[in-house]
K.L.:
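Attaching a single structure in structure tokens format; questions to follow.
The chain is numbered in sequence order, starting from 1. For ligands, and for the atoms within them, numbers begin at 1 and follow the listed sequence. What you see below is based on every heavy atom in this structure, not just the backbone, and it leaves out hydrogens, waters and symmetry mates.
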Amino acid sequence: MITQGVKVTDRCRACGGTTTVDVGQFFDEGMLCWGTEGQCADCSDGWCEQDCGPVTPENIRQALLQAHGAARLRLSGDVPSLVPVLQALRSARELSLGEARAQAAQLVETGFIGTLVEMEILAVHLRKRAIQVSVEPAASPRPNDNRNG
Ligand SMILES: [Zn+2]
């Protein structure tokens, strides 16, 4: 199972105290799933939510991207035909043919950027059709990683 998670703190909607929230994305039995679980330190407020589907709520994606950085999916070999790429994209995401064409063109030109789990899922679908791809960290400007100084 491919999974990525992060703990963030938020303000409790019930008492205004500090809530610890666990958010994450994971890949389970061919499905992209996400979850969010919160518990207030100061009162009994808490929740647990989980769902599967091609679209993860944006606040969860942003929390993961901020904590772990983005991942980049690129083709690592020659692709003689875009047909298997289109098929892979359409099986991984719910896309119209037009959308799949646009995304295939983007994949060939620049690659995709997204969360690690999203990119790994696409990589699984592409590799199933014998398309060679790589997933690597996308360059992200982090002051702490600056080795020039
Ligand atoms: Zn509370």
K.L.:
The criterion is side-chain hydrogen bond (donor to acceptor under 3.5 Å, both in side chains); which residues satisfy it with Lys7, sequence neighbours excluded?
P.N.:
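If we apply the side-chain hydrogen bond (donor to acceptor under 3.5 Å, both in side chains) test to Lys7, skipping adjacent residues, the hits are Asp22.
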K.L.:
Without hydrogens or angle criteria, can the side chains of Glu58 and Gln62 be said to hold a donor-acceptor pair below 3.5 Å?
P.N.:
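A donor-acceptor contact under 3.5 Å links the two side chains.
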K.L.:
Can you confirm whether Gln106 is buried at CD, in the sense that more than 12 heavy atoms of other residues, nucleotides or ligands lie under 6.0 Å from that atom?
P.N.:
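Yes, the 6.0 Å shell around CD holds more than 12 heavy atoms from other groups.
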K.L.:
Contact between Phe112 and Leu89 at the side-chain level, heavy atoms closer than 4.5 Å - yes or no?
P.N.:
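The answer is yes, as the side chains (C-beta and beyond) meet within the 4.5 Å cut-off.
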K.L.:
Only one of Glu118, Gln4, Glu120 forms a side chain to side chain donor-acceptor pair (under 3.5 Å) with Gln25, so which one is it?
P.N.:
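Option passing the side chain to side chain donor-acceptor pair (under 3.5 Å) with Gln25: Glu118.
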K.L.:
State the count of protein N/O/S atoms located less than 2.8 Å away from the Zn ion (ligand 1).
P.N.:
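There are 4 of them.
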K.L.:
Leu75 and Ile131: which non-hydrogen atoms are nearest, and at how many Å?
P.N.:
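The answer is CD2-CG2, 3.7 Å.
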